[in-house]
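Worksheet: the structure to be examined is printed underneath.
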Amino acid sequence: MDYSELVKSYKKLESTQSTLEKTEIISKLFINSPKEDLDTLAHLIRGKAFSEWKNLDLGIGKKLIIKAISKATGIKEEKVKKEWKNKGDLGDAVEVIVKNKKQQTLTTKKLTLSLVQENLEKIAGAEGSGSQSKKISLIAELIGSAEPEEAKYIVRTVLENLRIGVGEGLVRDAIVKAFFSELIGLSELDGYEITGQQVGIDKQLLGSISEYRLNKVKEKTELIEIDLSDDGISKLWKKEGADVFITDRKKEIEDRLKGIVQHAYDVSTDFGEVAEVASKKGVQGLREMDIELFRPIRVMLAQKSDSMEDAFEAVGSEEGLAALEYKYDGIRVQIHKEGSDVKIFTRRLEEITDQFPEIVNAIKDSIDEEEVIVEGELVGFDPQKGYLPFQKLSKRIKRKYNIREMIEKIPVTVYLFDLIYCNGNSLIRQNLRIRWSKLNSLINKIDNSVELASHLETSDLDKAQSFYQKALDENQEGIMLKNLSKRYKPGSRVGYMVKLKPVMETLDLAIIGAEWGEGRRRDWLGSYKLACMNKETGELKSIGKMATGFTDEQLEELTNKLEDMIIQEDGRSVKLKPKVIVEVAYEEIQESPKYESGYALRFPRLVAERETLGTGDVDTLDRIRELYGKQS
DNA sequence: CATGTCTGCCC
DNA sequence: ATTCTGC
DNA sequence: GCAGAATGGGCAGACATG
């Protein structure tokens, strides 16, 4: 497929917000795609170079892209940066630059999906001395062969930030539409000619369907029995090797098909694979896909809750019962075990097995079952010192050297809370009650190494409150609340699992600088540098940046106000007269190697503008120190 | 060989 | 991570 | 109710640079 065809669709996708239209655009791409491009297309349409579960990186960021643009076009880096600031998007910048350039040069070769993919793979594969310039050349080569609009999306793709509003759900729906639309279209049975495409029949419909209609179907199809218990479609009818569904409940069948595709993606974490199977093997092929050991699946995510009442409201089952668990401040891990082979994956599906050899051993000792996938939180815990701050633990995550040493210095414990897979059986469609009790039955606890998460099942608010208090007293972040009757939904931020954390104190801080935004914030200052007051010297000392918590309206207002206070501009960032004071919430004060105050805020966000305050009213460094001291 | 910059990924 | 926005 | 987009601090490692 020509890259230009994909680019046409990118453009359309970027300019429409309608979900249905977007699904239609993507499904057409799938339909028109040659089979050998399906895999690449499935990734590129979401702006990904590779499937998530493969540990492949481009190692290219904005800085290197600027070099590549400069190399490809002969335009000075400074000018590229200027255009970037103008446009608020490096893709838009390269488009303009290439457009101007094109008047002089001729395009060399036509870009195709496979050519783009090939270069992306080469980029990911480059390593060692000279690899950066090699990567830059590879990108420059693509930009050099690209039409202006193609260059725009090449750049955005390499940065893995397409900004066209296409995510998992749309691709899933588009796959259904592209490969199974015949099934959905069959809302009327009468008069329908079975064309050797796809037909199936719904269990309930089977009961209500007229003899006449049923016979008509049977004439043209051959019944095959398949276990389709999960999605409720009880039987498939086969004709000339193709699957066919028939129903008069179009919406329901469509949803079920979405469920089948979703499940295929859930277990494979690879839309390329899903699209290929859908196109080659149909519904049946998708249904046969299942979790594989040592291929991580995406984890289920929680929503936020503001109070215990809200939390119960969100997750409580009919009787108001919920499962409560400690929320540990560590690394979310998914651990796969087959016999004596163990691998540990993070929430982003990165493998960190080598970083935690002691956990690998402990898991082998702790679990007798042959095959399991369990999930838990890996926490820094020193039996002498107690729980370690996340900053300490994080030293171990990407470590490649001195691992042995760190086992001693930063010991860890894993608190398990879910069971995903056991001896050939996926448990993701089972409810939490079953998963948790089964997990309990197969874990042999090892003190300070492999434990079960602190867990309480209750419908009693008072008991819940004291459990929460206990968690906080023990220095945990808060608690999780989960609905015991719900399944595991990989990659989904589900409402039936919530986190509850205490509301933190806030600080009043001065805005002393800012940076121009990108994408939807291109016309506004999108990130604000904050400072506290050193009372001794009367100087403002930086303590970090803040870039969330404001509405669009507030962003615009702040930008207008602050634009008048610009003292100095340097590329995308501006220095500001400290006039505007804001109230800022945060989770924790950390020691910082980067900011003048020596401290930084963890998860800073805007609470409100403090219009009545001046720089004399901002919180002092002394107070920051005091708050820092009180934390542990 | 030491240092600085960049990137990706934990939260 | 947090938050807002729009479907 | 949910996904998507835009943004935070800090860490280790990989390279480039001088």
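Only this structure's heavy atoms are used, side chains among them; waters, hydrogens and symmetry mates stay out. Below, chains carry the letters A, B, ... as their sequence lines are ordered, and counting in each starts from 1. The structure displayed is predicted, hence computed values, not measured ones.
Side-chain rings of Phe50(A) and His43(A) stay apart, their centers remaining 6.0 Å or farther from each other. Taking the six-membered ring wherever Trp is involved, the centroid distance between the rings of Tyr415(A) and Tyr326(A) does not fall below 6.0 Å.
Note on Glu377(A): nothing from the nucleic acid sits closer than 4.0 angstrom, heavy atoms only. Counting any heavy atom pair closer than 4.0 Å across all strands shown, Arg396(A) reaches no nucleic acid atom. Nucleic acid contact for Ile352(A): none, since no nucleic acid atom lies under 4.0 Å from a heavy atom of the residue. Within 4.0 Å of Tyr401(A), counting heavy atoms only, lie sugar-phosphate atoms of the nucleic acid but no base atom. In this structure, Lys135(A) reaches neither bases nor backbone, as no heavy-atom distance under 4.0 Å exists between it and the strands shown. Residue contacts shown for Leu64(A) are limited to sugar-phosphate atoms, with no base heavy atom under 4.0 Å away.
Boundaries of the chain A contact region on DNA chain D are dC2(D) to dA16(D), first to last in 5' to 3' order (nucleotide atom under 4.0 Å from a heavy atom).
The 12-atom threshold is not exceeded at NZ of Lys486(A), counting heavy atoms of other residues, nucleotides or ligands nearer than 6.0 Å.
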- With side chain to side chain contact (heavy atoms under 4.5 Å, CB included) as the test, would you mind laying out the steps for Lys545(A) and Tyr528(A) before giving the verdict? CA-CA 5 Å; Lys545(A) 295 193 277 186; Tyr528(A) 300 82; over 6 Å; no
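For residues 488-499 of chain A, proximity to DNA chain D is found at Ser492(A), Arg493(A), Val494(A), Gly495(A), defined as any non-hydrogen atom under 4.0 angstrom from a strand atom.
For the atom pair CD (Gln132(A)) and CG (Leu64(A)), the distance works out to 5.0 Å, reported to the nearest 0.5 Å. Note that CG of Leu576(A) is 10.5 Å distant from NZ of Lys529(A), once rounded to the nearest 0.5 Å.
Both Gln391(A) and Glu127(A) lie close to DNA chain D; mapped to their nearest nucleotides by heavy-atom distance, the more 5′-ward contact belongs to Gln391(A). The 5' end of DNA chain C is approached more closely, in terms of each residue's nearest nucleotide, by Arg347(A) than by the other of Glu553(A) and Arg347(A). Heavy-atom distances to DNA chain C give each of Glu587(A) and Thr551(A) a nearest nucleotide, and the one nearer the 5′ end belongs to Glu587(A). Mapping Leu601(A) and Arg163(A) onto DNA chain D by nearest heavy atom places Arg163(A) at the nucleotide closer to the 5' end.
Minimum atom distance to the side chain of Asp57(A) is reached by dC9(B), of the listed dC9(B), dC11(B), dT2(C).
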